[in-house]
Amino acid sequence: MTRKIVSIFDAEIPGVRAEKKEDGALLQKEYFEWMSFPLETNFKQSRIISGFLKGWHRTLSFTEVEYHEDAENFLFFQGESVMIFCDKKDGRPDMNSIQLVRIPEGTQIEVAAGKCHYVPIPLTDTFRAFVFTPLQEAVILPLEETVVPE
């Protein structure tokens with residue numbers, strides 16, 4: 001199955017919000033600068049973990065997706081990548097809802113609870129993202145067929 005890759009800012013994906021991080025500090029003093037990420041996320045639980053996600057360039061193809069019982073939040077700070085999103089239907093990925101989106105660095109993405117997605121594939125050598133999420137399991141679902149860009 002092929003899908004056109006579109007910009008995350010041009011895509012309408014139910015359960016996904018994206019904002020471009022704007023340059024500029026919210027608070028600046030002589031010895032520090034504070035700038036928050038633009039999206040506020042409401043999590044169902046209070047045990048939140050965070051970390052860095054790094055991906056290496058490979059062939060653009062997706063064979064599975066995952067979802068979680070709570071939201072996730074990503075801030076892409078290095079590289080450009082492609083991420084897959086889709087809905088679930090009868091407990092399986094809805095192949096008709098699949099979207100591939102291009103994510104430039106400096107983009108923050110919130111993925112709602114239950115929204116199918118998978119680890120992005122960089123268009124550059126690597127991508128890096130800061131991820132914060134409740135401590136939760138990932139449910140992996142195989143796609144009916146491999147998804148590649150047009």
Side-chain angles (χ1 to χ4, degrees), residues 3-58 60-89 91-141 143 147 149:
R3 284 287 192 262
K4 181 179 180 181
I5 298 173
V6 299
S7 168
I8 187 72
F9 301 111
D10 294 333
E12 291 185 24
I13 308 169
V16 176
R17 295 189 309 151
E19 290 288 335
K20 181 76 172 164
K21 182 185 78 59
E22 298 295 331
D23 291 332
L26 295 177
L27 175 63
Q28 189 170 12
K29 298 286 185 181
E30 294 174 9
Y31 54 90
F32 75 88
E33 179 178 278
W34 163 253
M35 180 174 38
S36 68
F37 303 145
L39 293 176
E40 296 178 12
T41 300
N42 292 317
F43 295 115
K44 295 178 185 177
Q45 60 171 302
S46 59
R47 293 183 63 202
I48 308 300
I49 60 173
S50 60
F52 292 106
L53 176 63
K54 181 178 181 181
W56 290 270
H57 183 72
R58 64 180 179 88
L60 273 170
S61 67
F62 294 91
T63 59
E64 59 191 7
V65 291
E66 68 179 1
Y67 71 91
H68 310 280
E69 294 300 318
D70 206 338
E72 282 189 303
N73 206 303
F74 299 80
L75 178 69
F76 292 84
F77 64 90
Q78 182 184 37
E80 185 175 43
S81 57
V82 172
M83 196 166 183
I84 187 172
F85 294 99
C86 70
D87 296 326
K88 280 187 314 227
K89 188 174 182 181
R92 298 183 353 202
D94 178 2
M95 298 299 286
N96 292 324
S97 69
I98 287 177
Q99 295 185 61
L100 298 179
V101 295
R102 181 178 44 79
I103 303 167
E105 64 182 60
T107 300
Q108 184 183 10
I109 296 177
E110 176 190 279
V111 181
K115 183 66 178 185
C116 292
H117 62 286
Y118 205 66
V119 176
I121 298 172
L123 296 172
T124 49
D125 288 338
T126 61
F127 83 87
R128 291 181 190 218
F130 175 70
V131 181
F132 52 105
T133 179
L135 189 58
Q136 59 185 336
E137 296 293 320
V139 179
I140 306 293
L141 300 174
L143 295 171
V147 177

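In this text, all values refer to a predicted model and were calculated from it rather than measured experimentally.
Take Thr126 and apply the side-chain contact (heavy atoms from CB on, under 4.5 Å) test, not counting sequence neighbours, and it matches Lys54, Trp56, Gln78.
For the atom pair CG of Leu123 and CG of Leu60, the computed distance is 6.0 Å after rounding to the nearest 0.5 Å. Between the CG atom of Asn73 and the CD atom of Glu40 there is a distance of 10.5 Å, given to the nearest 0.5 Å. Distance OG1/Thr133 to CD/Glu110: 11.0 Å, rounded to 0.5 Å. Note that CZ of Phe62 is 5.5 Å distant from CD1 of Ile84, once rounded to the nearest 0.5 Å. Distance OH/Tyr67 to CD/Glu137: 11.5 Å, rounded to 0.5 Å. Of the inter-residue distances, the one linking Lys20 atom NZ with Thr107 atom OG1 reads 4.5 Å to the nearest 0.5 angstrom.
The two residues Gln99 and Ala11 make their nearest non-hydrogen contact at OE1-CB, 3.8 Å. The two atoms that bring Pro122 and Gly55 nearest to each other are CG-O, 3.5 Å, heavy atoms only. The two residues Thr124 and Glu80 come nearest to each other via the heavy atoms OG1-N, 3.4 Å. The two atoms that bring Leu141 and Cys116 nearest to each other are CD1-SG, 4.1 Å, heavy atoms only. A pairwise comparison of heavy atoms in Ser97 and Asp87 identifies OG-N, 2.8 Å as the closest pair.
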Does the side-chain contact (heavy atoms from CB on, under 4.5 Å) test come out yes or no for Ile49 and Gln136, once each step is laid out?
CA-CA 9 Å; Ile49 60 173; Gln136 59 185 336; over 6 Å; no
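At least one side-chain heavy atom of Lys115 sits less than 4.5 Å from a side-chain heavy atom of Phe85. Side chains of Phe130 and Phe52 form a contact here, defined as non-hydrogen atoms less than 4.5 Å apart. Residues Ser81 and Ile103 meet the side-chain proximity criterion, which asks for heavy atoms closer than 4.5 Å. Put simply, the side chain of Arg102 reaches to within 4.5 Å of the side chain of Ser7, judged on heavy atoms. In this structure, the side chains of Thr41 and Glu72 stay at 4.5 Å or more apart for every pair of heavy atoms. At least one side-chain heavy atom of Pro104 sits less than 4.5 Å from a side-chain heavy atom of Ile8. Side-chain atoms of Tyr118 and Ile140, non-hydrogen and from C-beta on, do get closer than 4.5 Å to each other. Glu66 has its side chain within reach of His117: a pair of non-hydrogen atoms, C-beta onward, lies under 4.5 Å apart.
Checking side-chain atoms of Glu69 against main-chain N and O of Lys44 turns up no donor-acceptor pair under 3.5 Å. At least one donor-acceptor pair under 3.5 Å links the side chain of Arg3 to the backbone N or O of Ile98. Asp70 places no side-chain N or O within donor-acceptor distance of the main-chain N or O of Phe43, the cut-off being under 3.5 Å.
With respect to Phe127, the side-chain contact (heavy atoms from CB on, under 4.5 Å) criterion is satisfied by exactly one of Ile121, Leu53, Val82: Leu53.
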